[in-house]
Amino acid sequence: MKQNMREAISRMPEREELRGLPRAPRILMDVARVLRYRVRGNEEDGVMSQHAARVLLAHLAIVGEASQLTLAERTRFSTPTVSILLRKMEKEGLVCRVPDEQDHRVMLVSLTERGRAYDREHLERIAEHERSALAGFTPEEEETLVSLLERMYRNLKEG
């Protein structure tokens with residue numbers, strides 16, 4: 001792992017102002033940060049270093065092809081953001097655009113073979129690091145953890 005990645009995933013020092021507050025949410029953020037950096041791997045260069053680009057690629061991997069407007073609506077990214085990212089992704093050979101057969105004014109975006117290969121590698125990294133995160137957990141412990149995390153999530157959504 002590169003030095004700057006090690007620094008990025010190191011835990012924050014304890015803040016005096018936060019002593020006495022529940023630690024679980026901060027630990028959860030630390031775990032999420034480490035997972036995110038490990039899954040990203042060495043993608044420090046190029047458009048795929050951006051989270052939004054990985055989200056767009058994942059949507060295209062699932063739906064096959066979509067218009068730029070549809071991608072913006074589904075991801076809740078602005079249309080200019082989607083446009084800029086798709087242009088960069090196209091330049092890097094990850095996506096291609098073809099006219100919609102029903103409406104030639106609309107361009108449909110889909111993954112190229114390189115984009116599909118990137119998606120497969122990304123999914124493999126996700127699976128590897130998720131398994132690593134739960135190493136040594138029994139199925140019962142994992143189920144308990146999932147239940148508790150789901151409750152935290154509901155608390156935050158409702159609050």
Side-chain angles (χ1 to χ4, degrees), residues 1-10 12 25 27-135 137 139 142-143 145-159:
M1 195 177 330
K2 292 184 177 181
Q3 179 63 27
N4 60 348
M5 186 180 294
R6 258 189 247 120
E7 291 170 6
I9 63 176
S10 65
M12 290 289 293
I27 293 170
L28 183 59
M29 287 190 299
D30 286 343
V31 168
R33 188 181 317 94
V34 170
L35 276 172
R36 185 173 55 251
Y37 280 102
R38 286 190 175 182
V39 166
R40 266 185 52 194
N42 294 324
E43 299 164 3
E44 306 225 1
D45 297 327
V47 69
M48 296 315 290
S49 66
Q50 298 177 44
H51 173 73
R54 292 190 304 277
V55 170
L56 287 174
L57 188 125
H59 275 273
L60 288 169
I62 293 167
V63 301
E65 65 181 11
S67 70
Q68 185 173 309
L69 181 60
T70 299
L71 287 170
E73 290 169 350
R74 288 189 179 174
T75 60
R76 296 189 176 136
F77 297 145
S78 70
T79 50
T81 296
V82 170
S83 177
I84 290 167
L85 289 171
L86 289 176
R87 192 173 331 115
K88 290 177 181 180
M89 292 169 75
E90 188 173 30
K91 185 177 179 182
E92 292 183 21
L94 298 165
V95 299
C96 62
R97 302 175 201 233
V98 295
D100 184 344
E101 291 181 12
Q102 309 299 323
D103 183 350
H104 292 296
R105 297 171 298 171
V106 175
M107 296 296 280
L108 295 176
V109 183
S110 62
L111 296 179
T112 62
E113 184 50 46
R114 182 174 182 202
R116 285 189 292 279
Y118 176 90
D119 181 61
R120 285 189 300 273
E121 292 166 9
H122 191 70
L123 289 175
E124 288 172 16
R125 284 194 307 271
I126 290 171
E128 172 189 345
H129 293 297
E130 286 185 356
R131 283 190 295 270
S132 176
L134 292 173
F137 281 63
E142 182 182 351
E143 185 56 41
L145 178 61
V146 168
S147 175
L148 294 170
L149 291 171
E150 286 175 341
R151 188 175 350 156
M152 283 178 72
Y153 182 75
R154 283 191 307 273
N155 288 346
L156 290 170
K157 280 198 74 148
E158 294 168 2

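FYI, side chains are in, hydrogens and waters are out, and symmetry mates aren't considered; it's all heavy atoms of this structure.
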Test side-chain contact (heavy atoms from CB on, under 4.5 Å) on H122 and M48; report intermediate values, then the result. CA-CA 11 Å; H122 191 70; M48 296 315 290; over 6 Å; no
R97/Q68 under side-chain contact (heavy atoms from CB on, under 4.5 Å): CA gap, chis, key distance, verdict: CA-CA 10 Å; R97 302 175 201 233; Q68 185 173 309; 3.3 Å; yes
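Heavy atoms only, all atoms of each residue included: V95 and L86 are closest at CG2-O, 3.8 Å. Residues E65 and S110 approach most closely at CB-CB, 3.9 Å, considering heavy atoms. The heavy-atom pair separating G93 from R114 by the smallest distance is O-CB, 3.4 Å.
No side-chain donor-acceptor contact under 3.5 Å links E142 to the backbone of L134.
The closest side-chain heavy-atom distance from R54 to Y118 is below 4.5 Å. You'll find the side chain of L123 stays beyond 4.5 Å of the side chain of R120, heavy atoms only. Side chains of S67 and M107 form no contact here, defined as non-hydrogen atoms less than 4.5 Å apart. By the 4.5 Å heavy-atom criterion applied to side chains, R87 and K91 are not counted as neighbours. At least one side-chain heavy atom of V31 sits under 4.5 Å from a side-chain heavy atom of L35.
Residues passing the side chain to side chain donor-acceptor pair (under 3.5 Å) test with R131: none are found, sequence neighbours excluded.
Between H129 atom NE2 and R36 atom CZ the span is 13.5 Å, to the nearest 0.5 Å. For the atom pair CG (L69) and CZ (R74), the distance works out to 11.0 Å, reported to the nearest 0.5 Å. Considering OG1 of T112 and CG of L94, their distance stands at 5.5 Å, rounded to 0.5 Å.
Residue R116 places its CZ atom among more than 12 non-hydrogen atoms of other residues, nucleotides or ligands, all under 6.0 Å distant. Residue E101 places its CD atom among 12 or fewer non-hydrogen atoms of other residues, nucleotides or ligands, all under 6.0 Å distant.
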In residues 56-64, what donor-acceptor pairs under 3.5 Å come from side-chain atoms, sequence neighbours left out?
none

Output side-chain donor-acceptor pairs under 3.5 Å for residues 76-85, partner residues at least two apart or in another chain, one line each.
unit_1, atom_1, unit_2, atom_2, d
S78, OG, T81, N, 3.1
S78, OG, T81, OG1, 2.8

